[in-house]
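All chains are named by letter (A, B, ...) in the order of the sequence lines, taking the proteins before the strands, and each is independently numbered beginning at 1.
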Amino acid sequence: MADFLTPQSEDFSRWYNEIVQKADLADYSPVRGCMVIKPYGYTLWENIREALDRRFKATGHVNAYFPLFIPMSFLQKEAEHVEGFAPELAVVTHGGGEKLEEPLVVRPTSETIIGYMYAKWIQSYRDLPVLINQWANVVRWEMRTRLFLRTTEFLWQEGHTAHATREEALEETMRILDLYTDFAVNDAAIPVIPGRKSESEKFAGAVNSYTIEAMMKDGKALQSGTSHFLGQNFAKAFDIKFLDENNQLQYVWTTSWGVSTRMVGAIVMTHGDDQGLVLPPRLAPTQVVIVPIWRKKKEREAVLEAARSLYERLRPVVRVHLDEREGFSPGWKFHDWEMRGVPLRLELGPRDLASGTVVAARRDIPGREGKRVLQMAEVEQAVPALLEEVQAGIYRKALDFREAHTWEVESYEALKEAVAQGFARAWWCGDPACEAAIKEETKATIRCLPQDQPGGKGRCIYCGKEAHEVALFGRAY
RNA sequence: CGGGGCAUAGCGCAGUUUGGCAGCGCGCCUGGUUUGGGUCCAGGAGGUCGGCGGUUCAAAUCCGCCUGCCCCGACCA
């Protein structure tokens, strides 16, 4: 089996690169740092998109689309923003064979162009709040890329909202953080730690950034979604003003938030094993695969007929696929679907036909232990129930893994040991100098200041001064 | 962008040191055999050796430049 996929324990990084390609999620493109998302990977992304979009709509947001090109000067209007993004901009200098008067940047994110438009659209407190999301591609000229985790071009959603008051904008920022957490936990089956970014890790141009941080199977952290409170920074840069009830001219308060195709990488590295992908049932392109089994010609007809009838019965209930491929042994097909991470496999052969049963094999429990015999009469109920068990099971497994690799540390030595294998929670005084020193010495950064705080006060893990917050430390992707 | 490695059939690799017929395994196609955890046999197709230039009677092999990928670092959703 090891011939087919490098084991995670041998080289996690290599395992990741192999499985992304072997499971047909994506392929390299001829352009550096760009990827082709293949149909299987794209369907997974579509399911992620649908699950998030449903939540956005339910909380009053609407979708729109803003253009890919942004005048260079727009980026320069917000000092921190331009400083943060300038090094990774793709710039268009020519169009239609002529040099452009003003270069256009390919959006790395859309705060600026959306800010410009909001300034035109917002006049009165009656125009607020504006709650717009867009599904788009963005480009960041990263130095080092990896499929799904960091590509030059990536797909994401970016929400951009404008509010009359600071409180409302803060509330929106946190509402989205909760929404992302809910999606990660319930649909992607990824336990995440929501919290605030430190000053040095926050979004360029934000007052505060919030994040959901996940632990991958190699103990490293992956920032899986962010929600930014932008204060009035972009309102002032783009002159987004409105008249309030008292006829006073005010700047709006804005937020922005995003989840990207990186989420696919998060799913791969949270649940995958040495057999391949393990996809959460709620998001899996195919939730159930039926593998028919026969020995003789006679059996073949009977089994296929039963398999097709089973397929038709399940189709209204789950995303099911019937593997009718000729010339592949059942064992070969089992491995093939395991590689692709299909959560549940139904094996149907002559023995099952005789007894009115079908064998269900869970992807999250390898071998015989994950198999169960279902009565054919009750598959419409039993199969969705099993999928729910898999969904809950992989979440539990991921949570157990994270907890087993997270340590409350009280000494700097203990922190060093902890971040070599996972996360460390430790008191931090808030001084960027301590944060920078820890990063320098351990490669670990503050992933976030978790929402879940013990309260009270302690001693900074680095300098020993009084500290009021516990920080989550870890090495990150 | 700095350091290291790599680029030969769809995939994984050998051949490069010492220049001389482009090979192996898997996959793919055809026929048969097999099918409850990666069947077996026979036959077959497939390569301007990453690109450009140079040296040479002769270059996958030597030299120069370029491009891309992987790993480590700085940057980052």
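- Annotation: B/G51 and B/G25 have their C1' atoms spaced 29 Å apart (nearest Å).
- In terms of polar N and O atoms assigned as donor or acceptor, the side chain of A/Lys371 comes within less than 3.5 Å of the base of B/G37 in a complementary pairing.
- One atom, CZ of A/Arg295, and another, C1' of B/G37, lie 13 Å apart when rounded to the nearest Å.
- Checking A/Asp336 against A/His228, the closest nucleotide of RNA chain B that is more toward the 5' end is the one next to A/Asp336.
- In this structure, NZ of A/Lys296 is placed 13 Å from C1' of B/G36, rounded to the nearest angstrom.
- Taking atom P in both B/G46 and B/G10, one finds a spacing of 12 Å when rounded to whole Å.
- Taking the six-membered ring for Trp, A/His321 and A/Tyr311 have ring centres at least 6.0 Å apart.
- Less than 4.0 Å separates RNA chain B from at least one heavy atom of each of the following residues of residues 337-370 of chain A: A/Glu338, A/Arg345, A/Glu347, A/Gly349, A/Pro350, A/Arg351, A/Asp352, A/Val359.
- Residue A/Phe334 contributes atom CZ, which lies 11 Å from atom P of B/U39 at whole-angstrom precision.
- Around CD of A/Gln76, the count of heavy atoms belonging to other residues, nucleotides or ligands within 6.0 Å exceeds 12.
- Note: A/Trp45 and A/Tyr40 fail the aromatic proximity criterion, with ring centroids not under 6.0 Å apart.
- Within the 6.0 Å centre-distance limit, the rings of A/Phe74 and A/Tyr116 are counted as a close aromatic pair.
- With a 3.5 Å ceiling on both atom-pair distances, B/U35 lacks any Watson-Crick or G-U wobble partner.
- Here, B/C29 and B/A45 have their P atoms 15 Å apart, quoted to the whole Å.
- Following rounding to the nearest Å, A/Arg325 (CZ) and B/C28 (P) show an atom-to-atom distance of 10 Å.
- The CZ-P distance, from A/Arg300 to B/U33, rounds to 14 Å in whole Å.
- Judged by ring centres under 5.5 Å apart and planes tilted less than 30 degrees, A/Trp156 fails to stack against the six-membered base ring of B/A77.
- In this entry B/A74 has no Watson-Crick or G-U wobble partner, no candidate having both defining distances under 3.5 Å.
- A/Arg54 and A/Glu50 are joined by a salt bridge, as a carboxylate oxygen and a charged side-chain nitrogen come within less than 4.0 angstrom of each other.
- Between A/Trp156 and A/Phe154, the two ring planes are perpendicular [angle over 60°; tilted spans 30° to 60°].
- The only option from A/Arg140, A/Glu78, A/Glu111, A/Arg107 that meets the side chain to side chain contact (heavy atoms under 4.5 Å, CB included) definition with A/Phe85 turns out to be A/Arg140.
- Counting any heavy atom pair closer than 4.0 Å across all strands shown, A/Leu149 reaches a base atom.
- Checking B/U67 for Watson-Crick or G-U wobble geometry (two distances, each under 3.5 Å) identifies B/A7 as its partner.
- Of the candidate nucleotides B/A77, B/U35, B/C28, B/U35 has the atom nearest to the side chain of A/Ile293.
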Indicate for each nucleotide in nucleotides 66-73 of chain B, in 5' to 3' sequence, whether protein heavy atoms under 4.0 Å reach the base (B), only the sugar-phosphate (S), or nothing (-). --SSSSBB
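- Taking the C1' atoms as reference points, B/C62 lies 16 Å from B/C49, given to the whole Å.
- Taking atom OH of A/Tyr180 as the reference point, atom P of B/A77 lies 13 Å away to the nearest angstrom.
- Annotation: A/His160 is not in aromatic contact with A/Phe66 [ring centroid separation under 6.0 Å not met].
- A/Glu201 has its CD atom 12 Å from the C1' atom of B/A77, to the nearest Å.
- Comparing B/C28, B/G38, B/U35 by their closest approach to the side chain of A/His335 singles out B/G38.
- Within the 4.0 angstrom heavy-atom criterion, no nucleotide atom of any strand lies near A/Thr226.
- Between B/C52 and B/U8, the distance separating the two P atoms is 15 Å to the nearest Å.
- Applying the salt bridge (charged side-chain N to carboxylate O under 4.0 Å, His left out) rule to A/Glu83 yields no partners; only residues at least two apart in sequence or on another chain are considered.
- Taking atom C1' on both B/G44 and B/G50, the two are 29 Å apart, rounded to the nearest angstrom.
- Across B/C69 and B/G54, the matching P atoms stand 28 Å from one another, rounded to whole Å.
- Atom P of B/U67 sits at a distance of 28 Å from the matching atom of B/U56, rounded to the whole Å.
- Residue-level contact check: A/Thr151 touches the bases, meaning some heavy atom is under 4.0 Å from a base atom.
- Across the strands present, B/C24 finds its partner in B/G12; the criterion is a Watson-Crick or G-U wobble pair with both atom distances under 3.5 angstrom.
- In this structure, A/Lys439 reaches the B/C75 phosphate: one of its side-chain N or O atoms is under 4.0 Å from OP1 or OP2.
- Using a 30° and 60° split on the angle between ring planes, A/Trp135 and A/Phe56 fall in the tilted class, from 30° to 60°.
- Of all nucleotides present, none satisfies the Watson-Crick or G-U wobble test against B/G19 with each distance under 3.5 Å.
- Taking atom CD on A/Glu88 and atom C1' on B/C75, their separation rounds to 7 Å, with Å as the unit.
- Taking 4.0 angstrom as the limit, A/Ser329 places none of its side-chain polar atoms (N or O) nearer than this to OP1 or OP2 of B/U34.
- In this entry B/A45 has no Watson-Crick or G-U wobble partner, no candidate having both defining distances under 3.5 Å.
- With A/Thr151 contributing its side chain and A/Leu147 its backbone, the two residues share no donor-acceptor pair below 3.5 Å.
- Residues A/Phe423 and A/Phe473 keep their aromatic ring centres 6.0 Å or farther apart.
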